[in-house]
Amino acid sequence: MRGSLLVDNIGELVTNDIGGEGGPLGIRRHAAVLVEDGQVAWVGPARDAPTADRRIDAEGGAVLPGFVDSHAHLVFAGDRAAEFAARMAGEPYTGGGIRTTVGATRAASDDELRATVRRLRGEAMRQGTTTIEIKSGYGLTVADEARSLRIAAEFTEDTTFLGAHVVPAEYADRPDDYVGMVCGPMLAAAAPYARWIDVFCERGAFDVDHARAILACGQAVGLGVRVHANQLGPGPGVQLGVELGAASVDHCTHLTDADVDALASTGTTWVSGFEPTTVATLLPGAEFSTRSPYPDARRLLDAGATVALATDCNPGSSYTSSMPFCIALAVREMRMTPAEAVWAATAGGAAALRRNDVGRLARGARADLVILDAPSHLHLAYRPGVPLIRQVLHNGVPQCRP
């Protein structure tokens with residue numbers, strides 16, 4: 001739809017406009033937002049709002065930037081509900097179930113994989129996620145990784161090549177050969193469809209030398225770096241990510257003081273206009289689903305690190321597409337304030353993707369807005385599990401109501 005759109009009668013507007021007033025969330029009261037050509041054209045007091053071709057009445061509800069989910073695995077087939085049930089009965093999580101999904105994904109058709117991505121992307125949108133990163137990693141052959149990314153690119157511009165998710169069964173005794181394939185023909189086939197490269201640097205997956213080699217090959221062809229790091233225990237992944245200038249190290253469940261200091265030393269946030277930082281992206285849905293210890297977000301924040309929240313949506317260890325759920329978990333289990341959690345789920349996710357066009361509501365930003373059926377962002381944590389998303393605008397276009 002062309003023409004201008006005014007969203008007004010906003011009780012609380014979260015802008016994440018750090019240069020303005022209203023605390024870390026840049027909160028404005030009794031505000032309005034003007035949208036033109038898919039972008040935010042004006043933000044200010046409702047009494048001063050310009051005229052527009054169309055209007056949406058927020059009915060006194062809170063309006064936030066659309067959530068930015070910077071870590072998701074949506075291209076897969078099958079599910080692992082039985083594995084989840086076993087964990088709830090006491091079996092520990094080791095990451096080994098990934099290979100189960102690899103087999104199902106390889107056997108699925110393009111249309112079947114596309115239907116899963118479409119379903120999960122729709123779920124996420126209805127819950128306020130307007131920007132999402134999608135990884136490969138369940139194909140682990142040249143052809144399957146390339147097709148996974150090709151399908152992912154139909155739904156997002158933030159696609160990540162994760163050929164180094166685990167070593168597939170056929171290479172179990174030849175990990176060096178698999179790393180060579182990832183760095184060679186697999187990367188060549190995947191790179192045209194990817195913006196990022198990622199490695200699961202963890203015991204049972206890839207050691208630091210293999211991870212460094214794979215990420216360096218990705219950097220050499222122009223891909224940005226992301227790292228799965230320190231999920232199952234302490235390890236070198238965080239330090240490697242900082243060393244390579246990764247946009248994000250994800251999980252960060254088990255951190256040493258040196259890891260925290262390294263993350264804090266990388267600087268402040270991308271979206272505020274400063275130099276890029278390495279973001280600690282925390283994935284509380286994984287801890288919820290695996291009964292593992294939650295990351296200590298408070299420790300990271302107090303040290304000065306930049307923190308993002310994401311869903312880690314995948315069929316094994318975190319089968320949720322709900323950013324509001326992750327916000328509630330972060331507040332309850334990870335010692336974040338509601339404001340910190342909302343910022344991490346919006347501006348923090350944008351920083352993890354090194355994007356300054358999303359995660360905020362300021363002139364020139366993409367017009368991605370979430371209207372809550374609640375007067376304040378506090379209700380996202382205060383009322384967990386309640387469907388509070390009244391309306392979503394993506395690129396200035398109203399989406400279907402939940």
Side-chain angles (χ1 to χ4, degrees), residues 69-77 95 98-99 101-102 105-106 108 110 113-114 116-117 120-121 131-168 171 175 177-202 205-229 231 237 240-241 244-251 278-279 281 283 310 312-315 352-355:
D69 186 351
S70 59
H71 184 127
H73 306 252
L74 305 190
V75 189
F76 64 85
I98 292 170
R99 292 184 177 90
T101 301
V102 169
T105 302
R106 289 177 177 179
D110 286 10
L113 295 178
R114 185 176 290 111
T116 296
V117 179
L120 293 171
R121 183 67 190 96
T131 301
I132 194 165
E133 179 258 20
I134 302 176
K135 303 179 189 294
S136 66
Y138 291 123
L140 308 188
T141 68
V142 172
D144 285 307
E145 285 297 295
R147 74 162 177 157
S148 293
L149 287 162
R150 174 172 48 80
I151 290 168
E154 297 173 14
F155 297 89
T156 183
E157 55 198 288
D158 280 295
T159 53
T160 298
F161 169 46
L162 184 57
H165 202 179
V166 293
V167 177
Y171 282 89
D177 290 347
Y178 184 69
V179 170
M181 185 175 70
V182 171
C183 290
M186 188 181 287
L187 176 60
Y193 306 106
R195 183 183 175 206
W196 304 96
I197 187 168
D198 196 348
V199 172
F200 190 18
C201 183
E202 195 73 61
F206 294 86
D207 65 25
V208 68
D209 293 331
H210 282 160
R212 181 182 286 108
I214 292 165
L215 294 171
C217 288
Q219 284 183 309
V221 298
L223 301 183
V225 170
R226 325 185 69 75
V227 186
H228 281 60
Q231 177 188 7
L240 176 63
L244 296 179
S248 180
V249 290
D250 299 17
H251 286 291
T278 297
V279 175
T281 297
L283 310 169
D312 192 19
C313 183
N314 75 83
L353 295 175
R354 292 194 172 163
R355 294 184 60 170

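The closest donor-acceptor contact from the side chain of Arg226 to the backbone of Ile197 lies at 3.5 Å or more, if one exists at all. Using modelled atom types, no side-chain atom of Glu133 and backbone atom of Trp196 make a donor-acceptor pair closer than 3.5 Å. Judged by distance alone, with hydrogens and angles left aside, the side-chain atoms of Arg195 form a donor-acceptor pair with the main-chain N or O of Leu353 at under 3.5 Å. Panel note: side chain Thr278, backbone Ser248; no donor-acceptor pair is recorded below 3.5 Å. In this structure, the side chain of Asp158 does not engage the main chain of Thr156 through any donor-acceptor pair within 3.5 Å.
In terms of heavy atoms, Glu145 sits closest to Leu140 at OE2-N, 2.9 Å. Between Gly139 and Asp144, the shortest heavy-atom distance links the atoms CA-CB, 3.5 Å. Of all non-hydrogen atoms in Val142 and Pro185, the two that sit nearest each other are CG1-O, 3.9 Å. Between Gly237 and Ala229, the closest heavy-atom pair is C-CB, 3.6 Å. The minimum heavy-atom distance linking Ile98 with His165 is given by the pair CD1-NE2, 3.5 Å. A pairwise comparison of heavy atoms in Val227 and Val225 identifies CG2-CG1, 4.1 Å as the closest pair.
Looking at residues two or more places apart in sequence or on another chain, you find a side chain to side chain contact (heavy atoms under 4.5 Å, CB included) between Pro175 and Val167, His210. Under the rule for a side chain to side chain contact (heavy atoms under 4.5 Å, CB included), the partners of Ala205 that lie at least two apart in sequence or sit in another chain are Phe200, Glu202. Residues passing the side chain to side chain donor-acceptor pair (under 3.5 Å) test with Ser70, sequence neighbours excluded: none. Considering only residues two or more places apart in sequence or on other chains, Ala194 meets the side chain to side chain contact (heavy atoms under 4.5 Å, CB included) condition with Leu149, Thr159, Phe161, Leu223. Listed by chain and number, the residues in a ring-ring contact (aromatic ring centres under 6.0 Å, His included) with Phe76 are Tyr319 (sequence neighbours excluded). Applying the side chain to side chain donor-acceptor pair (under 3.5 Å) test to Asp110 and every residue at least two apart in sequence or in another chain returns Arg147, Arg150.
Distance check: Leu283 CG to His251 NE2 gives 5.0 Å after rounding to the nearest 0.5 Å. Here Asp69 contributes atom CG and Leu74 contributes atom CG; the two are 8.0 Å apart, rounded to the nearest 0.5 Å. A distance of 10.5 Å separates OG1 in Thr101 from NE2 in His73, rounded to the nearest 0.5 Å. The structure places OG1 of Thr141 at 6.0 Å from CE of Met186, a figure rounded to the nearest 0.5 Å.
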side-chain hydrogen bond (donor to acceptor under 3.5 Å, both in side chains), that's the test. Do His71 and Asp312 meet it? Break it down for me. CA-CA 5 Å; His71 184 127; Asp312 192 19; 3.0 Å; yes

Step by step, would you call Leu240 with Val199 a side chain to side chain contact (heavy atoms under 4.5 Å, CB included)? CA-CA 11 Å; Leu240 176 63; Val199 172; over 6 Å; no

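Between Ile132 and Leu120, every side-chain heavy-atom pair lies at or beyond the 4.5 Å cut-off. Side chains of Ser148 and Tyr138 form no contact here, defined as non-hydrogen atoms less than 4.5 Å apart. Annotation: side chain of Glu154 is not in contact with side chain of Val117 (no heavy-atom distance under 4.5 Å). The closest side-chain heavy-atom distance from Ser136 to Tyr193 is not below 4.5 Å.
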